Engineer: 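Could you have a look at this structure, given as structure tokens, before my questions?
The structure presented is a predicted model; accordingly, all values stated were derived computationally and were not measured.
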Amino acid sequence: MKRLFHYFRDSGLRRKLMLSYIIMIIIPILSLGMYSYISAEGYLKEQMLEGMNHTVSQTALNLDQRMEKIGDFMDFMAYNPIVKKVTGSELPDLFSYTKELNDNIEPTLWYYMNINQELREVIFYSDYTGKQIGNFVYSSSEVQSEAWYEQAKHSRNVQWYYDNDVLYATHNIQKSDNVTFAGSLYVRLDEDLLFENLDQVYQGQYGILITKPDGEIVYAGQEANGLSQEDIHLMMNEAGGVFRMEGEDYLLTKSILPHSGWTFYYYIPTAGIAVNTNSILKATGTIIILCLIILMFMIWLFSRTLVKPILKLRKNIQLVERGNFDIPIHSEAKDEVGGLTRSFAQMVKKVRELIEEVYQARILEKEAELKALQAQINPHFLYNTLSIINWRAIQLDAKDISRAANGLSRFYRTSLNKGNHLTRISEEISNIKAYLDIQLLMHEEEFQIIFEIPNEAYEYETINFILQPIVENAIVHGLDEREEEKGCLLIRVESDVEAELIHILVQDNGKGMDQEQVNGWIHAEGGGYGLRNVHERIQLYYGEEYGISIESEPGTGTKVLVKLPMRC
């Protein structure tokens, strides 16, 4: 079973479809055909059994009518007044006996025996004559010891017997008083004539049997001659239909002969029944062939609409696996395979675009490496130049020039930060102090700078170069545009240990802004590209819950708060 499962699992889709359709179509059709065949066979057997019952009933009726005719003859003779007088010795003399026999009895008997050839012998046994009178009257002394004679005394109906291969019937004869037993009418029958042509009614392999109520065989056809007494009793106990005898199944039907009480049996082996099922087999075969044709068409249709697109998609996937992203992939089908193909095409397009982007990124990376190399060269050149300017200024006692050269040197050194993105707050403060030192020279000390930074805050981590854009905006758009009083710039660092946050505040007492202007600075609509760049850098590196926020009032000043995670 496991091997069969693996075989089906590893088979191609076309073979799976073929096996599935064959199982789903052939098995039900064969089952239906077998059911139809068995049902038809059973129906035909029932019809045959019904026909057998009808034929047997008709045959038994015909046989019983012949026996009824004989019984009517015996009734007529047994109740004949002349027969009663003769057998009861009620006539005055022998001459009267003879005359009555010759004139009334014997002509009638000869007439009946001539027209009914099965009547082989007719005898009137009398308890009163004591000797034979005529051709038909005998003394009962010869048969009084017979069982049938004793039974005749106690029955007024015709009694049928089959003893020692002799078939005969008897009837009670009473005197004219209809009370006193006078004798018995004995009629011997010709068995062959009575059952004449009985075997010719049926054809084929069959069995005919006629039995007495006690099971004694009265007549047995050719096929029934070999039956044992056990088989006969088995047959007598069957009501009819199919029964088993000597290891073989038979169909049995039987009928009772009313006048004799005998049972007529007819049986035939079921193996000998010719059931015409050719039409069923032909119809089943035709349906199977038609279903196979439909099956092949369905397999072809599924192959065209399902298997072929899947194989084509598989081929395209293999080409993509080998690095070919320029193959045309499309499908006009609206089914699941068509949708899958279109999705794969979109995926390949996205991958191709990503590859292009990666390629461009690598080019930009190379350019950045080149610029980084240049940046490694230029600062040294700049630092050396600024150092020469500083020494020349000292020699000339130009303190302002020396101060500007030193501030510019510190500013670029801390701004470049050796190419690193992260730095310490101490380095960021050194950078902004160098920048403010230069700004103070440029503004001739027009504004005041206040730093409020606790010592423990210097070692916390921050992104490099975030304060310079904020301080520059505070000076250019805040302090430079104030109308009165000296400007003041506050830079404060606060740490929230419980929330694990660092807050850097840059506050000025400049011109200030309304809320619309504040929104413009955040979204770079009013020239605040530097602030937006700082805000995005912080969020990209630390997350969206961090960044900068702005509070401002016109004429009062502006507060820019930088929110960073507390990291060492």
Side-chain angles (χ1 to χ4, degrees), residues 48-78 109 111-122 148 151-152 155-171 185-227 229 231-241 243 250-269:
M48 178 170 285
L49 183 60
E50 184 177 347
M52 287 171 56
N53 288 331
H54 177 74
T55 304
V56 168
S57 298
Q58 187 63 43
T59 304
L61 179 62
N62 294 337
L63 181 59
D64 190 67
Q65 287 176 348
R66 297 170 70 179
M67 299 178 73
E68 181 183 12
K69 185 177 179 182
I70 296 172
D72 291 341
F73 161 72
M74 295 179 69
D75 285 339
F76 173 74
M77 297 307 300
L109 291 175
Y111 170 76
Y112 271 102
M113 292 180 69
N114 284 329
I115 64 174
N116 296 286
Q117 297 295 319
E118 63 270 16
L119 299 177
R120 305 304 296 171
E121 185 178 19
V122 178
W148 62 264
Q151 292 175 2
S155 176
R156 293 193 176 188
N157 297 322
V158 177
Q159 300 294 316
W160 298 86
Y161 299 94
Y162 186 78
D163 295 325
N164 299 321
D165 297 330
V166 177
L167 179 63
Y168 59 96
T170 66
H171 198 294
L185 172 60
Y186 174 90
V187 177
R188 183 170 63 85
L189 303 172
D190 190 327
E191 178 184 356
D192 295 334
L193 291 177
L194 182 63
F195 302 125
E196 183 181 20
N197 300 325
L198 194 60
D199 284 341
Q200 280 70 30
V201 176
Y202 307 96
Q203 297 178 356
Q205 187 180 6
Y206 62 89
I208 296 176
L209 193 67
I210 300 176
T211 65
K212 296 165 63 176
D214 59 1
E216 183 180 357
I217 296 176
V218 176
Y219 173 81
Q222 296 177 1
E223 295 294 331
N225 283 326
L227 291 179
Q229 198 65 31
D231 293 336
I232 294 173
H233 284 295
L234 176 64
M235 198 180 304
M236 291 176 65
N237 293 329
E238 292 291 337
F243 80 104
Y250 290 85
L251 274 178
L252 170 68
T253 182
K254 58 184 180 179
S255 180
I256 303 297
L257 303 178
H259 287 86
S260 62
W262 297 344
T263 304
F264 185 95
Y265 296 91
Y266 174 72
Y267 61 94
I268 183 172

Engineer: What residues, two or more places apart in sequence or in another chain, satisfy ring pair (Phe, Tyr, Trp, His ring centres under 6.0 Å) together with Y162?
Structural biologist: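 So Y162 forms no ring pair (Phe, Tyr, Trp, His ring centres under 6.0 Å) with any residue.
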Engineer: Which heavy atom of L167 sits nearest to which heavy atom of Y161, and what is that distance?
Structural biologist: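 Scanning both residues, the minimum pair turns out to be CD1-O, 3.3 Å.
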Engineer: How long is the gap from CE on M113 to CD on E118, to the nearest 0.5 Å?
Structural biologist: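 CD of E118 is found 10.5 Å from CE of M113.
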Engineer: What's the shortest heavy-atom distance between V158 and A169, and which atoms?
Structural biologist: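 So the two residues come closest at CG1-CB, 4.0 Å.
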Engineer: Take L189 and L119 through the test side-chain contact (heavy atoms from CB on, under 4.5 Å) and record every step on the way to the result.
Structural biologist: CA-CA 5 Å; L189 303 172; L119 299 177; 3.6 Å; yes
Engineer: Name the orientation class of the two ring planes belonging to F73 and Y112 (parallel below 30°, tilted from 30 to 60°, perpendicular beyond 60°).
Structural biologist: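 Plane angle between 30° and 60°, so tilted.
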Engineer: Rounded to the nearest 0.5 Å, what separation is found between the NE2 atom of H171 and the CD1 atom of I70?
Structural biologist: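 Reported value, rounded in 0.5 Å steps: 13.5 Å.
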Engineer: Quick one: list whatever passes side-chain hydrogen bond (donor to acceptor under 3.5 Å, both in side chains) with D190, sequence neighbours left out.
Structural biologist: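 Residues passing side-chain hydrogen bond (donor to acceptor under 3.5 Å, both in side chains) with D190: none at all.
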Engineer: Give, for atom CG of D163 and atom OH of Y168, the distance between the pair rounded to the nearest 0.5 Å.
Structural biologist: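 If I round to the nearest 0.5 Å, the distance is 3.5 Å.
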Engineer: Decide side-chain contact (heavy atoms from CB on, under 4.5 Å) for L109 and M77; before the verdict, give the C-alpha distance in whole Å, the side-chain angles of both, and the deciding distance to 0.1 Å.
Structural biologist: CA-CA 9 Å; L109 291 175; M77 297 307 300; 3.6 Å; yes
Engineer: Measuring from N157:CG to M74:CE, what's the distance to the nearest 0.5 Å?
Structural biologist: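 These two atoms lie 11.0 Å from each other.
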Engineer: Nearest 0.5 Å please: distance from the CE atom of M67 over to the CG atom of L63.
Structural biologist: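 The CG atom of L63 is 6.0 Å from CE of M67, to the nearest 0.5 Å.
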Engineer: To the closest 0.5 Å, what do you measure between CD (E68) and CG (L257)?
Structural biologist: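 Taking CD in E68 and CG in L257, the distance rounds to 11.5 Å.
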Engineer: Can you see which heavy atom on T170 is nearest to which on A152, and at what distance?
Structural biologist: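 Closest heavy-atom pair between T170 and A152: OG1-CB, 4.4 Å.
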